[in-house]
Amino acid sequence: MTPDIKPLVAGNWKMNGFRNSLTELGNVTAGYDAAMRNRIDMLLCLPATLIFSAAHVALGTRVQIGGQDCHFNQDGAHTGDISAEMIADGGGTAVIVGHSERRTDHGETNSIVKSKAEAGLRGDLITIVCIGETEAQRKAGETLEVLKDQLDGSMPEASTAKNVVVAYEPVWAIGTGLVPSVEDVKEAHAFMRENLTARFGSDGAKMRLLYGGSVKPGNAEELMGIANVDGALVGGASLKAEDFLGICAAYEKLC
Ligand code: PGA
């Protein structure tokens with residue numbers, strides 16, 4: 001945690017969820033509003049097909065809805081893509097860009113991720129920029145170098161503490177049940193804080209830095225207790241209301 005930064009717990013449903021999954025979303029919103037004391041922000045990033053109806057379910061609750069990617073243009077001939085403005089039009093208030101699955105599956109480079117992040121800001125969305133090293137890079141001792149390269153190349157110049165969130169997600173920890181040691185998370189987040197503060201001044205000092213990769217109710221408290229970890233980006237465990245709320249509860253307890 002960082003003093004004076006309100007943590008964010010963001011869920012990423014990835015390519016999961018049909019209309020009937022909105023019942024689970026209803027369980028999240030009801031459970032969240034009933035049990036939490038507004039010490040953390042909560043966001044669920046859903047497949048594009050569900051954003052509009054999910055925003056309706058979440059209307060009037062403290063749960064925000066977001067998208068998982070956006071094109072860097074506002075509109076045009078880009079078959080299969082959606083823009084930041086479309087996410088906003090559907091009721092979304094946030095977008096994830098540069099997730100390692102996009103970087104790997106769709107060949108997204110730092111400069112593409114940066115354009116997408118700029119689009120997120122243009123669309124007035126809270127923009128979550130993901131970075132993280134692969135297993136091979138960690139084993140080769142290149143982790144901090146990779147993080148620097150991704151931060152330098154993917155963060156928009158107009159990033160502020162209000163409009164941008166950075167998520168550190170070691171690729172080898174995503175969906176594997178493997179989690180880096182507390183020391184490793186601490187080192188990565190301290191490095192990110194230093195880099196962002198050097199570049200963005202007080203905004204960098206206050207920007208929310210999320211940890212992502214196999215976050216579960218059982219390890220959330222330990223992860224959140226690490227300096228400069230200001231929340232979580234949660235994949236698998238965000239699909240079940242009970243697990244996701246368990247993570248939020250662990251974080252709220254510390255605030
Ligand atoms: P996981 O995914 O929680 O299933 O490991 C995290 C992510 O990819 O954001």
Side-chain angles (χ1 to χ4, degrees), residues 7-17 21 24-25 28 40-48 50-51 54 63-70 87 92 94-108 113 116-117 120 125-135 137-138 143 146-147 150-151 154 164-182 184-185 188-189 192 208-224 226 229-251:
L8 168 67
V9 178
N12 172 11
W13 278 15
K14 307 192 179 184
M15 199 173 73
N16 295 293
S21 317
E24 199 64 357
L25 175 67
V28 172
I40 59 171
D41 288 331
M42 200 237 252
L43 164 71
L44 272 165
C45 295
L46 303 185
L50 294 179
I51 292 174
V63 176
Q64 301 289 309
I65 301 299
Q68 300 172 6
D69 175 53
C70 65
I87 292 171
V95 67
I96 298 171
V97 296
H99 190 282
S100 66
E101 286 151 18
R102 302 279 327 167
R103 290 180 187 260
T104 306
D105 298 355
H106 300 271
E108 293 188 5
V113 173
K116 290 182 171 211
L125 301 175
I126 303 284
T127 302
I128 304 179
V129 179
C130 301
I131 60 171
E133 82 286 359
T134 62
E135 188 176 18
Q137 289 164 334
R138 174 157 286 274
T143 300
V146 170
L147 298 186
Q150 291 179 331
L151 283 176
S154 312
V164 171
V165 174
V166 181
Y168 168 56
E169 300 204 302
V171 178
W172 52 273
I174 296 176
T176 58
L178 300 172
V179 179
S181 69
V182 167
D184 287 342
V185 174
H189 278 246
M192 288 153 61
R208 290 191 279 199
L209 308 182
L210 313 185
Y211 167 79
S214 299
V215 179
K216 308 266 180 283
N219 61 19
E221 195 172 335
E222 183 177 42
L223 287 164
M224 184 62 184
I226 301 172
V229 173
D230 311 310
L233 182 53
V234 185
S238 72
L239 293 168
K240 281 178 81 188
E242 194 186 337
D243 290 346
F244 196 48
L245 289 169
I247 292 168
C248 294
Y251 280 28

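All values below were derived from every heavy atom in this structure, side-chain atoms included, with hydrogens, water molecules and symmetry-related copies excluded. If you read the sequence from its start, that first residue is 1, and numbering goes on from there. In listed order, ligands and their atoms are each counted from 1.
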Minimum-distance protein heavy atom relative to [atom]:
atom: atom 3 (O) of ligand 1; value: G235 N, 2.8 Å
atom: atom 7 (C) of ligand 1; value: E169 OE2, 3.1 Å
atom: atom 4 (O) of ligand 1; value: G236 N, 2.8 Å

Look at the side chain of [X] and the backbone N and O of [Y], then say whether any donor-acceptor pair between them is shorter than 3.5 Å.
X: S238; Y: G235; result: yes
X: Y211; Y: G213; result: yes
X: R102; Y: V113; result: no
X: N219; Y: S214; result: yes
X: E133; Y: L147; result: no

Numbered atoms and elements of ligand 1 in range of [X], under 4.0 angstrom, heavy atoms:
X: S214; value: 1 (P), 3 (O), 5 (O)
X: G175; value: 1 (P), 4 (O), 5 (O)
X: A173; value: 5 (O)
X: H99; value: 7 (C), 8 (O), 9 (O)
X: G213; value: 5 (O)
X: L233; value: 9 (O)

Inset, instruction - Under 4.0 Å, heavy atoms only, figure out whether ligand 1 is touched by the backbone of A167, its side chain, both or neither. - result: neither
Inset, instruction - Indicate whether any N or O donor in one side chain lies under 3.5 Å from an N or O acceptor in the other, for Q68 and H99. - result: no
Inset, instruction - Verify whether one side chain among Q137 and T134 offers a donor that lies under 3.5 Å from an acceptor in the other. - result: yes
Legend entry - Any side-chain heavy-atom pair of E169 and L233 under 4.5 Å: yes
Inset, instruction - Decide whether an N or O pair under 3.5 Å exists between K14 and ligand 1. - result: yes
